[in-house]
Amino acid sequence: MTLAGALLPRRTPGLRPAQDRLFEVEPGTQLLARCHWQREPRQAPTLAIVHGLEGSSESGYMRTLAAHTFAAGFNVLRINQRNCGGTERLTRTLYNSGLSADFRAVLFELIERDTLPRIVFAGYSMGGNLVLKMAGDLAQAAPPELRGVCAVCPTLDLAACVDAIARPENRLYQWHFVRDLKSRMRRKAKLFPGQFELNGMSRVRTVREFDDVITAPCCGYLNAADYYQRASALRVIDRVAVPAVILTSKDDPVVPFETFESPEVAGNRHIQVVAPEHGGHCAFVSRSSGPERFWAEARIVEFCLAHARP
């Protein structure tokens, strides 16, 4: 299912060509968003979407969700995380799972500069962790314009997810992520000579090793364990105070389902967990055609309509 979700062709008819917009989330760091605006943006609700590890605004699920939500009357922003979607030049830093403040900055710019009245954030995998962490960090101080957050297979407990990827049956996913992460770092080092120390990267074979050798020292963490503890949304998810839905599957090879049975999640009345038996990681391919073909995207549209209807 996971592979099918990534490889099946997706059609996005009716999706208006995107307008590019840069959000400065901290001095010297910009995020590129591909924006689809309704004819009167201030009269429409808005969905901001965040991709997963080594994804981008052009990932299939990002475009499919954008098409369905735009058709339902929403402005849609497909946001690239730092360095993603060919944006390495827009920051001297790296991306990591703890940068929820980036999306808080996007949220407040949409409220203060664009005066958008109803905003929902959605995130996939790593992006799901980021939007839930943003909501947890805001807690009771979340602005009324933030109407809710959706997370598809969020990596709430990073250490548990990295351990799952390291299982022998998941060697394909491990190889894929490590290859792409190392390739991105080589591109980044060429753009900013002398800033990144890549000694030891050639010996990296796992995501945990990459985080120990690259992510942690480059992003201000002591080591991979410190990074996983501080960047996991599970640490603050009990503080989420806006409507939230988590869509996950019990057979996700990357995100252990036990995470969503934790007291921090189950004890928060604002969070609904929807977990079918099958769906893989961020795939949820249905036998149905049309808008139900990709089940998670259809459920996000439902959530958006329930909490921020045009």
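Count residues from 1 along the sequence.
- Residue pairs meeting the ring-ring contact (aromatic ring centres under 6.0 Å, His included) criterion with at least one partner in residues 201-234, sequence neighbours excluded, are Y221-Y227.
- Proximity of a side-chain donor or acceptor of Q174 to a complementary backbone N or O of V207 within less than 3.5 Å is detected.
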*asked:* Could you go through T64 and H68, starting from their C-alpha distance and side-chain angles, then the distance that decides it, and tell me whether this counts as side chain to side chain contact (heavy atoms under 4.5 Å, CB included)?
replied: CA-CA 6 Å; T64 303; H68 291 326; 3.7 Å; yes
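- Checked by atom type, the side-chain pair R293/S286 shows no donor-acceptor distance below 3.5 Å.
- A distance-only check finds no donor-acceptor pair linking the side chain of D137 to the backbone of V236 [under 3.5 Å].
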*Using the side chain to side chain contact (heavy atoms under 4.5 Å, CB included) rule, take C304 and R147 through it: C-alpha gap first, then chi angles, then the decisive distance, then the call.*
CA-CA 9 Å; C304 290; R147 297 301 178 89; over 6 Å; no
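- To the nearest 0.5 Å, atom CZ of residue R118 and atom CG of residue L116 are 10.0 Å apart.
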*Take E292 and R299, measure what salt bridge (charged side-chain N to carboxylate O under 4.0 Å, His left out) needs, and give me the verdict at the end.*
CA-CA 9 Å; E292 287 290 329; R299 302 292 76 76; 2.8 Å; yes
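- Atom-to-atom distance recorded for L234:CG and L158:CG is 9.5 Å, nearest 0.5 angstrom.
- We find the SG-CG distance between C35 and D114 to be 8.5 Å, quoted to the nearest 0.5 Å.
- Under a 3.5 Å cut-off, the side chain of R208 and the backbone N or O of V162 do not form any donor-acceptor pair.
- A distance-only check finds no donor-acceptor pair linking the side chain of N223 to the backbone of A216 [under 3.5 Å].
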_salt bridge (charged side-chain N to carboxylate O under 4.0 Å, His left out) assessment of E54 paired with R184_ = CA-CA 9 Å; E54 288 304 289; R184 184 180 302 281; 3.0 Å; yes
*Begin with the C-alpha distance, continue with both residues' side-chain angles, and end with the deciding distance and a verdict on salt bridge (charged side-chain N to carboxylate O under 4.0 Å, His left out) for R187 and E88.*
CA-CA 8 Å; R187 294 196 303 271; E88 286 92 347; 3.2 Å; yes
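- The ring-ring contact (aromatic ring centres under 6.0 Å, His included) search around F121 returns none, not counting sequence neighbours.
- A donor-acceptor pair under 3.5 Å is absent between the side-chain atoms of R34 and the main chain of Q19, judged by distance alone.
- A donor-acceptor distance shorter than 3.5 angstrom exists from the side chain of T206 to the backbone of E209, with no hydrogens or angles considered.
- Side-chain atoms of R82 and T93 form a donor-acceptor pair, as typed in the model, at a separation below 3.5 Å.
- For residues 254-285, every residue pair satisfying the ring-ring contact (aromatic ring centres under 6.0 Å, His included) rule, not counting sequence neighbours, is listed here: F284-W295.
- A donor-acceptor pair is defined here as one N or O able to donate and one able to accept, closer than 3.5 Å; no such pair exists between the side chain of E277 and the backbone of S249.
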*Apply side chain to side chain contact (heavy atoms under 4.5 Å, CB included) to the pair I271 and I246, showing each step before the final yes or no.*
CA-CA 7 Å; I271 300 173; I246 293 173; 3.9 Å; yes
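- No more than 12 heavy-atom neighbours from other residues, nucleotides or ligands sit within 6.0 angstrom of CZ on R171.
- Atom OG1 of residue T87 and atom CG of residue L22 lie 9.0 Å apart, to the nearest 0.5 angstrom.
- Residue pairs satisfying the side-chain hydrogen bond (donor to acceptor under 3.5 Å, both in side chains) criterion with at least one member in residues 70-81, sequence neighbours excluded, are listed as follows: H36-R78, T46-N75, S57-N80, E58-R78.
- When atom types are taken as modelled, the side chain of R205 and the backbone of S202 share a donor-acceptor pair closer than 3.5 angstrom.
- Every residue meeting the side chain to side chain donor-acceptor pair (under 3.5 Å) condition with R113, not counting sequence neighbours, appears here in chain and number order: E109.
- Residues in residues 170-198 take part in no ring-ring contact (aromatic ring centres under 6.0 Å, His included) pair, two or more places apart or across chains.
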*Carefully, step by step, assess V255 and D157 under the rule side chain to side chain contact (heavy atoms under 4.5 Å, CB included).*
CA-CA 8 Å; V255 182; D157 183 341; over 6 Å; no
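- Remark: the backbone N or O of R89 is not paired with any side-chain donor or acceptor of R92 at under 3.5 angstrom.
- For the pair R10 and F294, the distance from NZ or CZ to the six-membered ring centre is under 6.0 Å and the angle to the ring normal is within 45 degrees.
- Remark: side-chain polar atoms of T29 are not paired, donor with acceptor, to backbone N or O of E26 under 3.5 angstrom.
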